[in-house]
Amino acid sequence: MGVPRLEGYYELTETTAIEYAKNTGFFEQSAALDCEEIGDGNLNYVFHIVERQSGISIIIKQALPYAKVVGESWPLTLHRATIESNALNVFAKFVPDFVPKVHFTDEVLALTVMEDLSEFTILREGLIQGNRYPKIPEHIGTYLAKTLFYTSDFGLNQQEKKELAGTFINPELCKITEDLVFTDPFYDKDTNDFEEALLEDVEAIWSNDVLKLEVAKLKKKFLTQGEALLHGDLHTGSVFVTADETKVIDPEFAFYGPIGFDVGQFLANLLLNALSLPKSEQAPILDDLNQTWDVFVNTFKTLWHEHNVEPYAEVNDYLNFTLTQILQDSLGFAGCELIRRTIGLAHVKDLDGIENDEVRIAAKRQALSLGRNLILQKEHITHPRYIRLY
Ligand code: SR1
Ligand code: MG
């Protein structure tokens with residue numbers, strides 16, 4: 001297989017993960033430990049290790065040299081584990097409360113030992129179960145504004161920013177997004193996966209050159225616009241929550257890209273959840289979405305006025321121009337995310353989990369139509385509250 005592994009790499013099992021945790025000093029050799037592999041994502045192993053007597057626990061997250069969701073036929077760089085732990089460490093400087101603590105990184109085994117968040121719930125799962133998380137807009141809006149502002153040319157010395165960007169060159173993971181988010185769903189590609197009943201809707205997307213031109217422009221931004229250090233995969237499965245706390249996990253797709261990408265992916269995944277609900281139950285999710293945007297904007301404005309390193313920041317209207325651009329980009333990227341989660345390779349449980357066939361197909365059709373409208377109408381939507389789901 002074509003993916004380089006550092007000599008010494010091996011895939012952990014529940015047994016060897018325990019040995020590793022002891023040999024690296026996280027637990028005494030005599031400790032009685034339980035270990036379970038709990039990873040439910042597309043790419044990695046996640047081992048949860050608990051000491052029976054004390055209850056002390058850790059997570060060992062290990063990258064596999066291939067995409068777990070597809071199998072060994074899709075090789076994938078192990079360097080993503082280093083990218084992920086470096087990104088967590090950068091983000092921890094700006095939002096320590098909103099990321100898990102990294103205890104230790106092992107580049108050879110492509111693993112990170114980190115804070116155990118197993119008391120938390122994955123936001124997507126919680127939302128699907130109908131739970132409410134009132135702190136989400138404040139926490140995610142703040143997370144987005146701070147991580148994106150402080151790693152951009154507005155919040156960071158511009159030479160240091162270039163140095164930092166150089167340490168987050170992440171071509172293989174970016175290629176996944178370039179293909180799975182921006183290209184394949186808009187063409188008749190083998191990676192796509194959609195229900196037969198959606199064929200007409202999908203063919204309408206494939207033959208819509210006006211739409212494809214806008215997607216091409218968004219993809220170009222993703223390819224070329226290194227504005228800030230992005231999480232790069234900020235869907236609701238990358239957020240852990242309790243009633244009071246929020247942790248953004250899994251930044252293995254981190255790279256320098258357009259600010260609106262992180263914002264748009266998060267907003268899109270709230271929209272996907274809203275679309276999975278009866279109309280009468282959508283309002284609270286849409287309120288969360290609007291408030292997340294408002295917190296992002298207000299925090300970004302404060303940072304702009306108080307911590308900007310760019311002399312042009314004082315020029316009238318530069319802030320408004322910047323925020324307008326971020327909103328338009330976010331809406332466009334959100335549109336791409338809605339479409340790819342409906343007909344591309346990687347779906348979301350919010351839609352796929354709707355049991356009634358008619359209701360599920362109707363929701364998916366709506367996701368496609370909303371995605372298309374966001375991409376085409378992004379210049380005319382001045383606030384997320386003007387997004388119309390139907
Ligand atoms: C092969 S990876 C499929 C998807 O899972 C990740 O979480 C990203 O969203 C990627 O597009
Ligand atoms: Mg992930």
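Read the numbers this way: they start at 1 and go in the same order the structure lists the ligands and their atoms.
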**Study point:** For D201, all residues meeting salt bridge (charged side-chain N to carboxylate O under 4.0 Å, His left out), sequence neighbours excluded
**Key:** R365

Practice item. Kindly state each residue pair satisfying ring-ring contact (aromatic ring centres under 6.0 Å, His included) with at least one member in residues 236-256, sequence neighbours excluded. Key: F222-F255

Review point. Quick one: salt bridge (charged side-chain N to carboxylate O under 4.0 Å, His left out) pairs with a partner in residues 369-388, sequence neighbours left out?
Key: E214-K378

Check your understanding: Do Q62 and N44 come close enough that some side-chain heavy atom pair is under 4.5 Å?
Key -> no

Check your understanding: For ligand 1, what is the set of protein residues having any non-hydrogen atom at a distance below 4.0 Å?
Key -> N42, L43, V69, W74, I176, L180, D233, H235, F253, R340, R341, A346

Review point. Hey, is NZ on K146 packed in by over 12 heavy atoms from elsewhere, all under 6.0 Å?
Key: no

Check your understanding: Between W293 (side chain) and D288 (backbone), is there a donor-acceptor pair under 3.5 Å?
Key -> no

